[in-house]
Amino acid sequence: AAGVIQSPRHLIKEKRETATLKCYPIPRHDTVYWYQQGPGQDPQFLISFYEKMQSDKGSIPDRFSAQQFSDYHSELNMSSLELGDSALYFCASSRDLQETQYFGPGTRLLVL
Amino acid sequence: EDQVTQSPEALRLQEGESSSLNCSYTVSGLRGLFWYRQDPGKGPEFLFTLYSAGEEKEKERLKATLTKKESFLHITAPKPEDSATYLCAVQDNTDKLIFGTGTRLQVFP
């Protein structure tokens, strides 16, 4: 069965640089969620989109922005990167709002 | 404030030694409780969704149960390939999942 696709899988950036993470949801899923997982921590919700509109917002820094496109893929844009942004970033998708969320393999971001 | 607490933090089992993982939660208006399995450096893999107290779900060696205050993940006769971190998460009326810190399970042959 098709799963959530994330790219890139690994990313190394310098402080103050920008990064763009991409997420391709499971086919026919119209809802996308972004989570951040620091080392040894549980995933923390950042933001979600339903039918290309922002649906809910969590602890996402103002330096980050995201959007969902007409083909339902989503991008997380991160600017002025800080050392503390180093983490695993997961995208999840669901068939509808508040349906089961299926997670992608994640993007490991390292900020040096 | 919504909160999820998992215990134990770590669990070491001999192959075939059954046990249970606990997930206690406080949430205003539970819409669903979810169990995920996570291997190191990988994304959480969906296991079960439970919606109401008394509900049970089974899959191979795993069985999840739900009460009004907690959920249990029972592992029967575990195998080394069951070694992973098991995450419990709740969802209220918002979109987000609120995760516990997980139980790290190691099963030895």
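This is a predicted model, so every value here is computed, not measured. Proteins come first, then strands; the chains are lettered A, B, ... in the order of their sequence lines, and each starts at number 1.
The backbone N or O of K15(A) lies less than 3.5 Å from no partner atom in the side chain of E82(A), so there is not a single donor-acceptor pair. At least one donor-acceptor pair under 3.5 Å links the side chain of R9(A) to the backbone N or O of G106(A).
In this structure, the portion of Y35(A) lying under 4.5 Å from any heavy atom of chain B is its side chain and not its backbone. For Q38(B), the part lying under 4.5 angstrom from a heavy atom of chain A is the side chain only. Using a 4.5 Å cut-off between heavy atoms, T49(B) touches chain A through its side chain atoms alone. Of the two parts of Q44(A), neither the backbone nor the side chain holds a non-hydrogen atom closer than 4.5 Å to a non-hydrogen atom of chain B. Residue Q41(A): no heavy atom, backbone or side chain, is found under 4.5 Å from chain B. Of the atoms belonging to P105(A), it is backbone heavy atoms, and not side-chain ones, that fall under 4.5 Å from chain B. With a threshold of 4.5 angstrom between heavy atoms, K96(B) approaches chain A through its backbone and through its side chain. Heavy atoms closer than 4.5 Å to chain A are found in the backbone of D92(B), but not in its side chain.
By the neighbour-count criterion of 12 heavy atoms within 6.0 Å, atom NZ of K57(A) is sparsely surrounded, having that number or fewer from other residues, nucleotides or ligands. For CZ of R63(A), the number of neighbouring non-hydrogen atoms (other residues, nucleotides, ligands) closer than 6.0 Å is greater than 12. N93(B) CG: more than 12 foreign heavy atoms inside a 6.0 Å radius.
Residues M78(A) and L109(A) meet the side-chain proximity criterion, which asks for heavy atoms closer than 4.5 Å. Side-chain contact check for S55(A) versus F49(A): every heavy-atom pair is 4.5 Å or farther apart.
The candidate from V4(B), L87(B), L97(B) with the greatest count of non-hydrogen atom pairs under 4.5 Å with chain A is L97(B).
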